[in-house]
Amino acid sequence: MPKAGEEVAKSPAFEWLARAGFVARGLIYGLIGILAIKLALGAGGKTTNQQGALETIAKQPFGKVLLVLVALGLAGYALWRLIRALLGKGPEDSDATLDRVAALGSGLVYAGLCVIAVEILLGARDSGSGSTSKTTAGVLGWPAGPWLVGIAGAVLIAVALYQGYRGITRDFLNDSKTEQMSARTRTWIEWIGSFGHLARMVVFGLIGVFLIKAAIDFDPKKAVGLDGALAKLAHNSYGPFLLGLVATGLIAFAAYSLSDARYRRI
């Protein structure tokens with residue numbers, strides 16, 4: 001199985017599919033950021049999550065065609081991350097255990113987003129279905145449910161801290177073909193990558209904190225997703241400024257994702 005996985009990972013078609021995944025990721029984060037920044041500016045935007053971004057794509061002219069392409073990109077990204085987790089081989093040929101766990105987690109998340117995109121295409125998913133509160137309520141009803149929700153929150157806080165670490169240290173550049181970048185391009189990618197990772201730190205951290213609060217209070221209504229985390233910023237002191245800042249960071253992450261489509265080591 002590992003040998004077959006290596007053959008797939010080294011094929012040109014697989015590389016193109018994986019790179020398409022970065023474009024899909026960038027499109028999703030870009031839409032989320034643009035809608036949030038419009039809300040911060042009072043221009044009629046809204047806070048939304050990844051599913052909402054996919055639904056927005058589907059409503060555009062030629063949206064179904066575009067959503068098919070996005071679904072293919074998400075499938076490619078998920079497959080690339082899962083194969084990386086399986087083989088333990090990334091840009092430097094040997095990933096640490098943490099890298100493999102991170103690859104597995106993101107692979108599963110983007111596989112789930114691919115499924116959501118397909119369901120939207122088939123009309124098998126209602127708008128707004130699968131909300132964080134509804135999902136949390138189901139898990140809280142399980143044996144040891146509050147513990148599971150609390151652990152999920154703690155994991156997300158750990159992910160947020162890791163995003164912050166990557167943003168501050170700029171170690172994400174280790175995954176890029178920096179030798180192919182001009183000095184100006186590298187500087188640009190450093191800035192948008194750092195800003196984008198720090199914005200993801202904020203939203204993932206908020207999601208984690210509110211999941212833990214939901215577990216402690218046994219109240220699923222306190223759980224929030226990405227859209228809820230952005231809404232919390234909007235309703236806080238200096239809300240429009242904070243929301244606009246984080247939304248701009250998400251747009252920066254979208255731009256960084258597009259640069260990954262060109263420069264990421266696959």
Side-chain angles (χ1 to χ4, degrees), residues 5-34 37 50 53-54 56-57 60 62 65-85 87 89-95 99-100 102-103 105-107 109-111 113-114 117 162-201 247-266:
E6 287 184 20
E7 291 177 357
V8 171
K10 291 178 180 178
S11 68
F14 178 76
E15 180 176 347
W16 276 101
L17 193 57
R19 294 193 185 283
F22 287 109
V23 176
R25 187 181 74 175
L27 181 60
I28 290 171
Y29 272 97
L31 275 173
I32 292 170
I34 289 169
I37 206 167
Q50 292 93 333
L54 293 172
T56 300
I57 292 171
Q60 304 309 307
F62 305 105
V65 175
L66 184 56
L67 190 56
V68 168
L69 297 176
V70 170
L72 288 172
L74 291 171
Y77 187 87
L79 183 61
W80 170 60
R81 295 297 278 166
L82 292 172
I83 287 180
R84 180 167 172 178
L87 299 179
K89 292 185 178 181
E92 305 303 327
D93 290 330
S94 181
D95 283 349
D99 293 322
R100 297 181 72 173
S106 65
V109 167
Y110 281 90
L113 288 177
C114 179
Y162 181 60
Q163 293 294 309
Y165 167 79
R166 284 175 67 82
I168 292 170
T169 64
R170 300 181 177 179
D171 84 328
F172 53 83
L173 288 173
N174 296 334
D175 298 329
S176 301
K177 300 176 181 178
T178 52
E179 69 279 1
Q180 297 182 9
M181 300 177 187
S182 66
R184 180 176 295 179
T185 298
R186 175 171 174 143
T187 299
W188 170 248
I189 291 175
E190 283 182 3
W191 279 103
I192 60 175
S194 294
F195 191 14
H197 279 87
L198 290 173
R200 295 223 303 172
M201 176 191 70
T248 304
L250 294 178
I251 294 171
F253 187 79
Y256 166 73
S257 295
L258 296 180
S259 76
D260 262 350
R262 166 64 177 84
Y263 292 109
R264 183 67 176 250
R265 300 183 193 276
I266 301 298

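Every value quoted in this text rests on a predicted model; they were computed, and no experiment measured them. Computed from heavy atoms alone, side chains included, the values below leave out hydrogens, waters and symmetry copies.
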Is there a donor in the side chain of Tyr29 and an acceptor in the side chain of Arg200, or the other way round, less than 3.5 Å apart?
yes
Residues Asp260, Arg25; criterion side-chain contact (heavy atoms from CB on, under 4.5 Å); working and verdict:
CA-CA 10 Å; Asp260 262 350; Arg25 187 181 74 175; 3.3 Å; yes
Closest heavy-atom pair and its distance - [X], [Y]:
{"X": "Gln50", "Y": "Ile28", "value": "CG-CG2, 3.9 Å"}
{"X": "Ala24", "Y": "Val70", "value": "CB-O, 3.8 Å"}
{"X": "Ser106", "Y": "Arg81", "value": "OG-NE, 2.7 Å"}
{"X": "Leu67", "Y": "Ala117", "value": "CD2-O, 3.8 Å"}
{"X": "Ala254", "Y": "Gly26", "value": "CB-O, 3.1 Å"}
{"X": "Ala247", "Y": "Gly33", "value": "CB-O, 3.5 Å"}

So does [Y] get a backbone contact from the side chain of [X], meaning a donor-acceptor N/O pair under 3.5 Å?
{"X": "Glu15", "Y": "Ser11", "result": "no"}
{"X": "Ser194", "Y": "Trp191", "result": "no"}
{"X": "Thr185", "Y": "Met181", "result": "no"}

Would you check if [X] and [Y] make a side-chain contact, meaning some heavy-atom pair closer than 4.5 Å?
{"X": "Asp171", "Y": "Asn174", "answer": "yes"}
{"X": "Trp80", "Y": "Phe22", "answer": "yes"}
{"X": "Gln60", "Y": "Leu66", "answer": "no"}
{"X": "Trp188", "Y": "Glu190", "answer": "no"}

Ion pair present between [X] and [Y], side-chain N to carboxylate O less than 4.0 angstrom?
{"X": "Arg265", "Y": "Glu179", "value": "yes"}
{"X": "Asp175", "Y": "Arg166", "value": "yes"}
{"X": "Arg84", "Y": "Asp99", "value": "no"}

Can you tell me which residue among Val23, Leu27, Ile192 is in a side chain to side chain contact (heavy atoms under 4.5 Å, CB included) with Leu258?
Val23
Return the [atom1] to [atom2] distance between [X] and [Y], rounded to the nearest 0.5 Å.
{"X": "Arg264", "Y": "Lys177", "atom1": "CZ", "atom2": "NZ", "result": "11.5 Å"}
{"X": "Ile251", "Y": "Ile32", "atom1": "CD1", "atom2": "CD1", "result": "11.0 Å"}
{"X": "Ile189", "Y": "Arg186", "atom1": "CD1", "atom2": "CZ", "result": "9.5 Å"}

Between Phe195 and Thr248, does a side-chain contact (heavy atoms from CB on, under 4.5 Å) hold up when you go through it step by step?
CA-CA 9 Å; Phe195 191 14; Thr248 304; 3.7 Å; yes
For Tyr77 and Leu113, run side-chain contact (heavy atoms from CB on, under 4.5 Å): C-alpha distance rounded to whole Å, both residues' side-chain angles, the deciding distance at 0.1 Å, then the answer.
CA-CA 11 Å; Tyr77 187 87; Leu113 288 177; over 6 Å; no
Ring center gap for Tyr256 and His197 short of 6.0 angstrom
yes
